[in-house]
**Q** 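Sharing a structure here in structure tokens format.
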Protein chains: 2
Amino acid sequence: MAATKRLTQRDIARLAGVSQATVSLVLNGAVSAEGRIPQETRERVNKAIRETGYVADPVARRMAKGLNRILGVFTYEPAFPSAQADFFTPFLLGIEEAAQELGYDLLLLTGAAAGAQRKIFGNNTRLRLADGCLVLGRQFDRDELTRLVAGDYPFVAVGRRDDAGGPVPYVGGDYASGTAALVDRVRALGHTRIAYVGPASGAESTFDRWAGFSGAIAGLHLVAHMPDVAQPANETLDGLVASGATAVFFIELADAIQVETLARQRGIAVPEQLSIVVLGNHIRAEQTGRRFTSFSIPREAMARAATQMLVRRVEHDEPIQQILLPCEPLEGDTLGPAPLTKPKTGP
Amino acid sequence: MAATKRLTQRDIARLAGVSQATVSLVLNGAVSAEGRIPQETRERVNKAIRETGYVADPVARRMAKGLNRILGVFTYEPAFPSAQADFFTPFLLGIEEAAQELGYDLLLLTGAAAGAQRKIFGNNTRLRLADGCLVLGRQFDRDELTRLVAGDYPFVAVGRRDDAGGPVPYVGGDYASGTAALVDRVRALGHTRIAYVGPASGAESTFDRWAGFSGAIAGLHLVAHMPDVAQPANETLDGLVASGATAVFFIELADAIQVETLARQRGIAVPEQLSIVVLGNHIRAEQTGRRFTSFSIPREAMARAATQMLVRRVEHDEPIQQILLPCEPLEGDTLGPAPLTKPKTGP
DNA sequence: ATTAGCTGCTAATACGCATTAGCAGTCAAG
DNA sequence: CTTGACTGCTAATGCGTATTAGCAGCTAAT
């Protein structure tokens with residue numbers, strides 16, 4: 001550090017023998033100065049800039065102009081730590097790509113002090129440094145969301161969000177339709193007795209799956225619904241067997257994996273005796289050997305679309321929009337035709 | 001958007017019946033105003049702040065104070081696209097953690113426009129928005145590095161870097177010692193004829209490995225050095241066999257994998273007939289079935305240390321430091337005692 | 001009574017840039 | 001010779017904050 005003081009337009013002006021204002025005008029190719037500054041003067045200024053390597057201070061720029069070409073990214077959980085990494089990576093990937101294309105940089109908001117639950121609004125909120133902000137995470141803070149909606153700061157949520165004192169701008173995945181499509185598939189394969197493992201309410205993404213499910217099961221019998229997240233796998237499997245379900249829908253891949261493993265141990269063939277469907281292409285699915293029938297979540301596309309929407313909101317004050325991207329079915333090997341007899345366990 | 005104008009200290013001042021300066025003093029608990037502003041006045045100001053939800057504009061703040069609590073992160077390759085993701089993730093993880101602890105946000109610089117090679121210095125450089133910056137990537141641009149070193153902008157490189165018109169502040173991994181330790185291990189296991197696959201120069205990380213290697217092979221015979229990166233695996237293996245080497249050092253995990261696979265096909269047992277050592281715990285190593293003997297690269301720790309160093313440089317103008325973190329040996333199953341006879345292939 | 005010191009506050013300024021109003025000079029038309 | 005239009009530039013201002021100098025009023029000490 002030390003030595004070289006920060007270069008300013010004044011320095012350039014001095015070198016070029018003009019005023020600071022002229023430097024600014026040359027730099028910004030201001031329309032109002034079109035044809036007002038002769039090539040010769042521009043040259044002198046540009047020469048000085050080139051020789052010194054001057055770069056305009058973006059802070060001052062933002063101060064004067066109000067915009068920054070910076071997008072904030074707020075994640076309600078740390079973006080990188082490995083447990084979460086797989087969750088956020090595709091989103092961040094899409095955001096980064098879109099931001100780069102649009103000429104924006106990204107400000108990763110690390111949120112509140114370590115340990116505490118992350119908060120967008122703190123005493124020290126640096127949010128406003130960015131022109132607008134993308135919000136993502138599994139667990140949103142509803143109060144903060146309300147405040148964001150009420151405020152005049154442009155933001156877009158990645159993932160559908162319920163109204164919070166007003167409509168929330170978002171780009172989400174159409175889990176409801178994705179789920180419904182899977183239900184139709186199950187029905188077409190002759191299943192009549194189905195089960196659902198996972199809660200029916202809670203986060204929007206959970207609710208949407210259940211909504212899609214319950215809206216599509218006409219003609220089918222929901223013989224078991226196990227909302228308990230913490231329930232041990234063998235109890236779940238017991239319940240499924242007892243219910244006589246021939247196809248089960250899981251919200252959580254982890255649950256599905258455990259139950260499938262257990263089923264195999266007990267000699268219950270999947271999908272011959274029991275079909276399993278998972279609601280969403282959870283990451284790491286490929287690491288489990290078994291390819292579960294599911295639907296895709298277009299995470300990268302969601303992130304790209306959200307970024308573009310945010311930029312439109314920032315630049316053109318576009319009104320609030322809510323977009324759901326389709327979730328295409330994913331072939332797997334855990335959904336088959338309904339068995340002629342119910343699955344049975346040993347003695 | 002629309003409506004609500006941005007709140008300023010002046011608004012708060014008006015509400016509280018004080019001056020803007022007083023608001024600022026209350027907000028910052030300035031030492032110079034210690035005991036100069038009575039509790040009663042503070043209350044009035046704080047009340048107005050609470051009621052309006054005022055938050056100081058970070059841009060103006062930076063403007064006035066010169067600091068922003070923002071760290072720039074410049075990656076010479078896109079940070080997220082999946083091919084790179086595994087490379088950058090541990091670094092970003094460490095940076096994010098450290099930044100959050102220290103109360104800094106991160107500015108992810110997307111660099112030049114899409115397609116073009118990324119540049120730190122461009123017309124659009126918003127780098128200076130950050131108080132300082134971390135630079136990472138496989139391929140550094142030497143000219144840019146020189147310029148950074150020459151400038152007064154605080155930065156720290158993740159990974160050792162050669163001088164560039166002056167010493168470069170960095171936190172790197174001690175690949176030289178890590179490599180040397182592996183050489184010692186190989187020697188201790190009775191090997192005398194060894195080979196090295198990978199270039200001896202190029203990036204600092206490459207050079208360091210070779211330096212550690214060549215500095216530690218006293219008493220051993222380097223019977224083959226194959227610097228060619230693009231060489232087909234069977235040629236490499238042919239060369240190794242011809243040389244009579246009993247232990248090979250690989251810079252690239254990919255090369256090691258190919259050669260090991262080929263060796264198995266040819267009936268050359270690893271490590272019974274040929275020991276393989278890889279210089280660094282490359283990511284995805286665990287996916288290859290074989291656990292290669294190697295050394296660990298403390299990526300997360302490097303990133304954390306670099307972040308902390310950068311903050312010290314920003315806040316306290318700490319002089320340039322260069323730190324190498326130890327790379328501990330990693331047990332694997334590809335290094336064994338030297339065979340009594342040279343490995344032989346069939347007729 | 002003067003000085004010194006304290007309290008409680010404010011005016012003024014700097015930070016680096018963008019932007020606007022407008023000045024001085026030239027030149028052509030009237 | 002005046003007017004107006006145009007050229008080439010600059011002075012001045014604002015953005016929202018932090019910070020410093022310092023003012024006014026008061027008390028206590030000299």
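As the structure is a computational prediction, the values presented were derived from the model and not from experiment. Protein chains get the first letters and strands the later ones, always in sequence-line order, with residue 1 at the start of each. Heavy-atom basis, side chains included; hydrogens, waters and symmetry copies ignored.
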**Q** Are B/Y54 and D/dT17 close enough that a side-chain N or O sits under 4.0 Å from OP1 or OP2?
**A** yes
**Q** Output a table of nitrogen or oxygen pairs between the protein and nucleotides 8-11 of chain C separated by less than 3.5 Å.
**A**
from, atom 1, to, atom 2, distance (Å)
C/dG8, N7, B/R36, NE, 3.1
C/dG8, N7, B/R36, NH2, 2.6
C/dG8, O6, B/R36, NH2, 2.6
C/dC9, OP1, B/T41, OG1, 3.0
C/dC9, OP2, B/T41, OG1, 2.7
C/dT10, OP1, B/S19, N, 3.4
C/dT10, OP2, B/S19, N, 2.8
C/dT10, OP2, B/S19, OG, 2.9
C/dT10, OP2, B/T22, OG1, 2.5

**Q** Please confirm whether the shortest side-chain N or O distance from A/S24 to OP1 or OP2 of C/dA18 is below 4.0 Å.
**A** yes
**Q** Sequence neighbours left out, what passes side chain to side chain donor-acceptor pair (under 3.5 Å) with B/R312? Give chain and number order.
**A** B/E318
**Q** Taking NZ, NE, NH1 and NH2 as the nitrogens, is one of them in A/R304 or A/E300 under 4.0 Å from a carboxylate oxygen of the other?
**A** no
**Q** Got more than 12 heavy atoms from elsewhere within 6.0 Å of CZ, B/R10?
**A** no
**Q** State whether the side chain of A/D131 and the backbone N or O of A/R69 hold a donor-acceptor pair below 3.5 Å, judged by distance alone.
**A** yes
**Q** With a 4.0 Å cut-off, would you call A/K47 and A/E43 a salt bridge?
**A** no
**Q** Distance check needed: D/dG16 P versus B/L7 CG, whole Å only.
**A** 11 Å
**Q** Rounded to the nearest Å, what distance is computed from the CG atom of residue B/N28 to the P atom of nucleotide D/dG16?
**A** 17 Å
**Q** Please state how far atom CE in A/M63 lies from atom P in C/dA14, giving the value in whole angstrom units.
**A** 15 Å
**Q** Measure CD1/A/I12 against P/C/dC17 and give the value in whole Å, please.
**A** 9 Å
**Q** Salt bridge or not between A/D163 and A/R161? Use side-chain N to carboxylate O under 4.0 Å.
**A** no
**Q** Which whole-number value in Å describes the distance from B/K65 NZ to D/dC15 P?
**A** 22 Å
**Q** How close or far is atom C1' of D/dT13 from atom CZ of A/R10, stated in whole angstroms?
**A** 14 Å
**Q** Take atom CG of B/D57 and atom P of D/dA18, then tell me their distance rounded to the nearest Å.
**A** 10 Å
**Q** Just how far, in rounded Å, is C1' of C/dA18 from CZ of A/R61?
**A** 9 Å
